[in-house]
Asker: 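The structure follows.
Chain A is the first sequence line, chain B the second, and so forth, proteins listed ahead of strands; every chain is numbered from 1.
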Amino acid sequence: MRNAMPKLVLGRLSSSLVTLFLVSLVIFTITSLLPGDTAQQILGQFATPEQVAALRAELGLDQPPLVRYWQWLSGFATGDLGMSASNATSVAQLMNDRLPNSLLLAAITTAISVPIALTMGLVAAMRRGGKVDRALNVVTLSMVAVPEFLVATLAVLIFAVHLGWLPALSYVSTVDSLGDFVRIYAMPVLTLCCVLIAQMARMTRAALIDQLDSAYIEMARLKGVPPVRRVLRHALPNAVGPIANAVALSLSYLLGGVIIVETIFNYPGIASLMVDAVSNRDLALVQACAMLFCGAYLILVMVADLCAILSNPRLRNR
Amino acid sequence: MVRGTRLPISVPAKRNKQALKLTRWIGLGLFGSWVLIALFGPLLAPYPMGAFVSDTIYGGASAAHWLGTDYMGRDMLSRILTGARYTVGLAVAAALLSSLVGAGFGMLAVLLPRWLEECVRRVFDTLISIPSKMMALVMVSAFGTSIPLLIVAAVLSYAPGAFRIAHSLATNLATLEYVQVAKTRGEGRFYIAAFEIMPNMIQSILTDMGMRFVFIVLLLSGMSFLGLGVQPPAADLGSLVRENIGGLSQGALAVIAPALAIGTLTIGANLLIDSLSKSRDTQKE
Amino acid sequence: MLGESLTVRDLTICATPPGGEERTIVDSIDFSLTPGEVLALIGESGSGKTTIALAMLGYARSGCRIAGGSVQLGETDILSLNATQTRALRGHRVAYIAQSAAAAFNPSRTLMEQVTEGALIHGVMSRQAAREKAVSLFHDLALPEPDRIGDRYPHQVSGGQLQRVMAAMALITDPALVILDEPTTALDVTTQIDVLRAFKQVMRERGTTAIYVSHDLAVVAQMADQVLVLQNGETQEQNATARILEQPSHDYTRSLLAAARPHAQLSPSAGERGEELLRIDDLQVGYGSRHRDGRPENVVLEHINLQLAKGQAMGIIGESGSGKSTLARAVAGLVAPSQGAIQFDRRELSTTLRGRTREQFRRVQMVFQSADNALNPAHTVRRLLDRPLQTYFDLDRSARKARVEELMDRVRLPRTLLDRKPGELSGGQKQRVNLARALAAEPDLILCDEVTSALDTVVGAAILELLAELRRELGVTYLFISHDISTVRALCDDVMVLYHGECVEAGRCDAVLTAPKHDYTRKLIGSVPELRQGWLESRPLSRAEATA
């Protein structure tokens, strides 16, 4: 059974690839095969049928769906994502400009939210049923249900309007000092963190409590193992899988959250690019952004699953 | 040692009950009032939703306009009372449909032959890998926005989750001995699904539907907030936030009020679901 | 090294069920032990025996509260200690051995880490000394490869070994008092005997004072000096083990003893055999992908041949993993065999459910072990019993109602229970409903899968009597699956012994069970504890242990 591990890992990787492929099929089907013609979109409603036909031929829209799907898919491999209809630049170029901004926002949010959330989850689990736990429960329960734009508007109201500490809008181009950096990122990150932390903390707590209810924890207790050690040394190693899953699921929520946050704060990231593309019905750009987000989601979930597989003692030692 | 000495060795489980009751009442209060507003709001509204009733834009709270006025001088209270119907109504419809589709397929998958079950699972696994906002955005970009489309997008996003839960519940229940007994009695698949399995998972499905309702409210108001959801002249709570976002720098009530409205609706629903499912857990023990 | 004395006075423990009022579950218990003495707490589920045992560690499970009394170990009054002092006591001076070792070990840490943890956190000895001590305990407990077994993870060793490792974990600090909570209940009898022997030896060598919690009087007879009989949290009788066994003074003790004694033959075996009802030819069941010759990767059951006549009762005995339940499930059509045929009433019985007729479904009924899972919690008793009547017979509503009530009388349940759901019934009542449901079909063959195993002995004995009575009066045929030899002896005419999926011996019950021919049968029968002191010592060592 020593070779079970690589097999499981490979299996998980290939299943992610299959899913990504199926996702691309769904996205392509929705955006390309149904009404709403890109050529018509680009030329506007006053174009002559001949003009439309010519552009269709130029864009390859007159070819059978399967061929178009194949061309589109192979475009991803070569980095040729087509032309953006509304910006008259290549989709790849547009995404290239915006992606670093979004990644930075996501990275800062992750770096702040994960440690806080895990600590909160741990503390709540250790103080289960106590005042701290109950308070955290109500707070996190409320936070997970709050829309981002409520947090964002309240944050703007408090920090920008009433206190005047921060600007209401983000402009990435003017980062000169650490102070600028903080002023720009404080509110978007705060908004994203609120919901994220609440969600992650709840799931971490649940994963730990699940372990703390088990017989081996009672046994540790009856061996005189102190509470902190019970949680950290006994319960935590067994909760790694579920916690990794909680983190991945919450971070994937981040993918949705940035859409609102980038829009509200005028942040020049990939999500606001996509929202504009949707408003302009710029389908090539929408497809590319959607694939990017779905790919990111799949990677997150896959990494979490791999963590769970690798941390399982039954699979690790045999 | 004296008989009856109290030793604080274990915490009695009583303490949590009070807190549980409180959150339930708060949840019920918030959620219940939004349901009532969704049902009767337009009757209570002091002004018609689209009427320009004031010369001040972004007006603060006053006796005439309890929640101030919006960017065109319309009465905010009336707009919220009317808009809640869209938010709650759409979300209820989409949550019901999601659970119906998800749970239906979840139950069905247990009854289908192995390969068909695998196919159904694959389809839902693919759909669940597309984050809900992404699905909605892609669909809007392809078809343009409309109320039926929003519902379809929400169902496509949230039915897979409902499916997963229902499917795993049903597969677990299907291994239990009472289901095996029914099988050896010669019962048909439909009977087993409807009378042996279903009654034991209905509560979990209802709880799950509640969670889905909250997520769908967030999704749909998010879409409206982006300008891609409910379109004028109709307006749900998300659109109200969007229209008035210009007033944010003045701290206008017209932005805060609808945003808070959504918050109280979802928080209320969440608290209610949590307390209901918790008290069920303790009863079970 | 020596154990210390233990005095318990007036111990009272209360529990608050969720949403209910607090009630007393352990009422004024008194007992005392001299150093090195072993006391058994015996009683059925709900008697409070584990709760009392845990109180020796100053511990009450969530929802429970030690309401009063004192526990005096040597000079220490355990219940008056504060949290830190209690922690210092647990796993040091008082140690606990749990029922299910598989659940009580942390799956992600090595055995050595867990065995030495107590000694290290209490600062009793250095890491090196603790490891050496652990290895010597592994040795004393007759564990294989004592030097290396500590590096393994819990899932890598067997249940019986894990239980002994847990004993090492408890004894590493030389505790003054050891609590053993049903330490062998989850084990097969052939494993149990080795574990009991190992426990007894190390405890005697170290002069450990111990409390042994058990429901099994025969096991207790081997392990304990004194016995305390509990019922509903109250002491019924307390005395030296020999006196309890020979001269029980309390009625309840007598009923426990009666249920624990090997049952008398309950149903006289029919002199002549009736017509053949069930016939199994060369049955093979397995799972996993099939090899080219049609043999599955994992074979659970193989080369099974069996004939069952009308009115006959055949017992299938074997330990966990012997494939005995799989046999019943194959006959019921729940698993498809990979080879072989089943004939019922001289007609081929389809191996899958789909190919069976309604009449065949009706005539073969299965009764599962756990009535908890076998009865749908969403349905009332009436509905549970009514459904087979609807399925199999053309009866109108009032006829069905009458029949349901008749069935309740048949299994000796009051009709008032008809409108309750299974959650509101006791274990014995549930099992009776379970039987009544099978009887509703008026079956010819009832497959009983461990029907008494999940029940307390007294309740189980009553179910067994009911089964015998039904056989006498209705002439049903049983295929009776059990791991408990004495229940098979009491109910069955014939017996088949399964070991690793194959039949090692079969024949008349009295012949096989009194004069077994096969080594395994002999070992199996010889491992069942007898209700007398000194039995354990009289058993020859198994080969594995003799070489260890």
Asker: Using heavy-atom distances under 4.5 Å, tell me whether C/E113 contacts chain A through its side chain, its backbone, both, or neither.
Answerer: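 When you check distances to chain A, only side chain atoms of C/E113 fall under 4.5 Å.
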Asker: Is it the backbone or the side chain of A/R229 that comes under 4.5 Å from a heavy atom of chain C, or both, or neither?
Answerer: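 When you check distances to chain C, only side chain atoms of A/R229 fall under 4.5 Å.
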Asker: Can you tell me which of C/G91, C/A83, C/A101, C/P107 forms the most heavy-atom pairs within a distance under 4.5 Å of chain A?
Answerer: C/P107
Asker: Given heavy-atom pairs under 4.5 angstrom as the criterion, report whether the side chain, backbone, both or neither of C/F105 touches chain A.
Answerer: backbone
Asker: Does the distance from a Lys or Arg side-chain N to an Asp or Glu carboxylate O, for C/K49 and C/D181, drop under 4.0 Å?
Answerer: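 A salt bridge is absent here (no side-chain N lies under 4.0 Å from a carboxylate O).
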Asker: Heavy-atom distances under 4.5 Å only: say whether C/L54 touches chain A with side chain, backbone, both or neither.
Answerer: side chain
Asker: Would you kindly say whether C/Y59 and C/T86 are connected by a side-chain donor-acceptor distance under 3.5 Å?
Answerer: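 Distance-only check fails for C/Y59 and C/T86.
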Asker: Can a donor-acceptor pair be found between the side chains of C/E182 and C/Y212 at a distance below 3.5 Å?
Answerer: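 Not at all, the side chains of C/E182 and C/Y212 share no donor-acceptor pair under 3.5 Å.
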Asker: Distance only, no hydrogens: is a donor on one side chain within 3.5 Å (strictly under) of an acceptor on the other, for A/S16 and A/R12?
Answerer: yes
Asker: Does the side chain of C/R109 pick up a donor-acceptor pair with the side chain of A/H234 at under 3.5 Å?
Answerer: yes
Asker: What part of C/A103 gets closer than 4.5 Å to chain A, counting heavy atoms only: side chain, backbone, both or neither?
Answerer: both
